[in-house]
Number of protein chains: 2
Amino acid sequence: MPKQSVPPVINYGDLDNLMGYKLRRAQVSFFESFAQRCSKFGITPGLFGVLSLVKHNPGQTQTAIANALGNDRSAMVSVVDRLEAMNVLERKPSVSDRRSHALFLTLEGETFYTQLIEEVKKHEQQFMQLLAGDEAKIIADVLDRFAALKTS
Amino acid sequence: MPKQSVPPVINYGDLDNLMGYKLRRAQVSFFESFAQRCSKFGITPGLFGVLSLVKHNPGQTQTAIANALGNDRSAMVSVVDRLEAMNVLERKPSVSDRRSHALFLTLEGETFYTQLIEEVKKHEQQFMQLLAGDEAKIIADVLDRFAALKTS
DNA sequence: TATTGTTATACTCTATAACTATA
DNA sequence: TATAGTTATAGAGTATAACAATA
């Protein structure tokens, strides 16, 4: 029987009373689980955000999608490149403005998204089943309030 | 009067119903606000986590602190280097194991932490005042449950 | 003049592998 | 053999600045 190293008992002190730290730990747990479940699709949370927004806003430009997600438009290039390489999304020339690209899901992308969102919702369920009664609604409301808080 | 570019109306679709996305947006908001408030201390959320854990667990090794925070021990090196350069934390040779370093707050670090935690708690208040009644306790509980969920 | 997509660049985080000194 | 700290390295993610094409 090999010697077992005992991890030290850690006092989390202030961290245990800070919502910011709880928020971070919960988000890390959520994203790790998401990545695990969606790795078979080759999809990360970031890629999913872009794909989902294009799905629900076909024809929007890269900059519009980037702004909606709070990303810089320069970061969109490699993301769209990757989704295009997966044949799930395509750039089309904009008819109204020749500077911009209109983004669309491909036919294959529509099928892909249908399967993907099913898996994402299963993942969501995995966490939602931890909640009782009206907790889900309360959490959703509060997280929206947190996100909306603009620091002066 | 300069021409005003009107941002397109975006339909957030599925994202609006996914707790994972709400969680991410809330956390980004929280951390941006934290960084803003604590920039005068030269402290990021990551640095604060280490400093706080050393404060409440004086004499622990780098690896113990790293494990408690879910980080790799290799990532601790530059963090501890930075906090040591700020004269708020110090490595001392461990008496029981000459391979490891015991971490402590310096005298200056104790004062620093006292001022820092005051600011951090003000920051926390800024978000907590968005909550009514027993919401804070519910959120804390739920986020702990989310964090504890281990994906098989 | 301003904006779109793009490239180049850089900085932070994070993770892995390998080294050394100790255990 | 295994572990602690370290180094080197590499991959994401994110942000800024500058450029060409277009508005």
Side-chain angles (χ1 to χ4, degrees), chain A residues 1-8 24-25 27-28 31-32 34-36 38-39 42-50 54 59-84 89-103, chain B residues 1-8 24-25 27-29 31-32 34-36 39 42-50 54 59-84 89-103:
Chain A
M1 189 163 150
K3 201 193 295 182
Q4 203 73 7
S5 72
V6 184
R24 168 163 165 75
R25 277 194 308 195
Q27 203 240 312
V28 166
F31 270 42
E32 272 178 3
F34 184 101
Q36 196 174 317
C38 296
S39 63
I43 285 291
T44 62
L47 291 176
F48 174 73
V50 170
V54 172
Q60 285 292 351
T61 66
Q62 292 184 194
T63 298
I65 300 296
N67 289 343
L69 289 170
N71 300 332
D72 193 88
R73 69 202 148 94
S74 69
M76 284 290 291
V77 180
S78 92
V79 171
V80 174
D81 282 351
R82 274 197 278 170
L83 292 170
E84 224 172 17
L89 184 149
E90 58 184 337
R91 293 170 166 102
K92 287 186 179 174
S94 166
V95 289
S96 59
D97 185 338
R98 283 191 299 170
R99 287 172 306 183
S100 57
H101 298 158
L103 301 178
Chain B
M1 192 162 148
K3 201 192 297 184
Q4 203 71 7
S5 73
V6 183
R24 167 163 165 77
R25 278 195 309 195
Q27 204 241 310
V28 167
S29 172
F31 269 43
E32 273 177 3
F34 183 101
Q36 196 173 316
S39 63
I43 286 291
T44 62
L47 291 177
F48 174 73
V50 171
V54 172
Q60 284 292 353
T61 66
Q62 292 184 195
T63 298
I65 300 295
N67 288 342
L69 290 169
N71 300 333
D72 194 89
R73 70 202 150 93
S74 69
M76 283 291 290
V77 180
S78 91
V79 171
V80 173
D81 281 350
R82 275 197 277 172
L83 292 170
E84 223 171 17
L89 184 150
E90 58 184 338
R91 293 172 166 100
K92 286 186 180 175
S94 167
V95 289
S96 58
D97 185 337
R98 283 191 299 171
R99 289 172 304 182
S100 58
H101 297 159
L103 300 179

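Lettering follows sequence order; numbering is per chain, from 1.
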Would you name the heavy atoms of [X] and [Y] that are closest together and state the gap between them?
{"X": "A/R82", "Y": "A/L47", "answer": "NH1-CD1, 4.1 Å"}
{"X": "A/L103", "Y": "A/R91", "answer": "CD2-CG, 3.8 Å"}
{"X": "B/A66", "Y": "B/R73", "answer": "CB-CA, 3.9 Å"}
{"X": "B/A75", "Y": "B/V79", "answer": "O-CG2, 3.5 Å"}
{"X": "B/Q60", "Y": "B/A64", "answer": "OE1-CB, 3.5 Å"}

Hey, which sits more toward the 5' end of DNA chain C by its nearest nucleotide, A/R24 or A/D72?
A/D72
Whole angstroms only, please: what is the [atom1]-[atom2] distance between [X] and [N]?
{"X": "A/E32", "N": "C/dT14", "atom1": "CD", "atom2": "P", "result": "11 Å"}
{"X": "A/M76", "N": "C/dG5", "atom1": "CE", "atom2": "C1'", "result": "11 Å"}
{"X": "A/I43", "N": "D/dG13", "atom1": "CD1", "atom2": "P", "result": "11 Å"}
{"X": "B/R73", "N": "C/dA21", "atom1": "CZ", "atom2": "P", "result": "16 Å"}
{"X": "B/R91", "N": "D/dG5", "atom1": "CZ", "atom2": "P", "result": "9 Å"}
{"X": "A/Q62", "N": "C/dT3", "atom1": "CD", "atom2": "P", "result": "17 Å"}
{"X": "A/N71", "N": "C/dG5", "atom1": "CG", "atom2": "P", "result": "14 Å"}
{"X": "B/E84", "N": "D/dG5", "atom1": "CD", "atom2": "C1'", "result": "13 Å"}

Hey, does the side chain of B/T63 come within less than 4.0 Å of D/dT3's phosphate (OP1/OP2), counting only N and O?
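B/T63 to D/dT3 OP1/OP2: no side-chain N or O under 4.0 Å.
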Side-chain N or O of B/S100 versus OP1/OP2 of C/dT22: is the shortest distance under 4.0 Å?
no
Answer yes or no: is there a side-chain heavy-atom contact under 4.5 Å between A/I65 and A/T61?
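Side-chain contact under 4.5 Å: no.
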With a 4.5 Å limit on heavy-atom distance, are the side chains of B/L83 and B/I43 in contact?
yes
What about [X], does its side chain sit under 3.5 Å from the base of [N] through a donor-acceptor pair?
{"X": "A/S94", "N": "C/dT4", "value": "no"}
{"X": "A/R99", "N": "C/dT3", "value": "yes"}
{"X": "B/S74", "N": "C/dT16", "value": "yes"}

N/O contacts under 3.5 Å, protein versus nucleotides 10-12 of chain D?
none

What's A/R98 touching, base or sugar-phosphate or nothing? Going by heavy atoms closer than 4.0 Å.
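Sugar-phosphate contact only - A/R98 comes under 4.0 Å of backbone atoms but never of a base.
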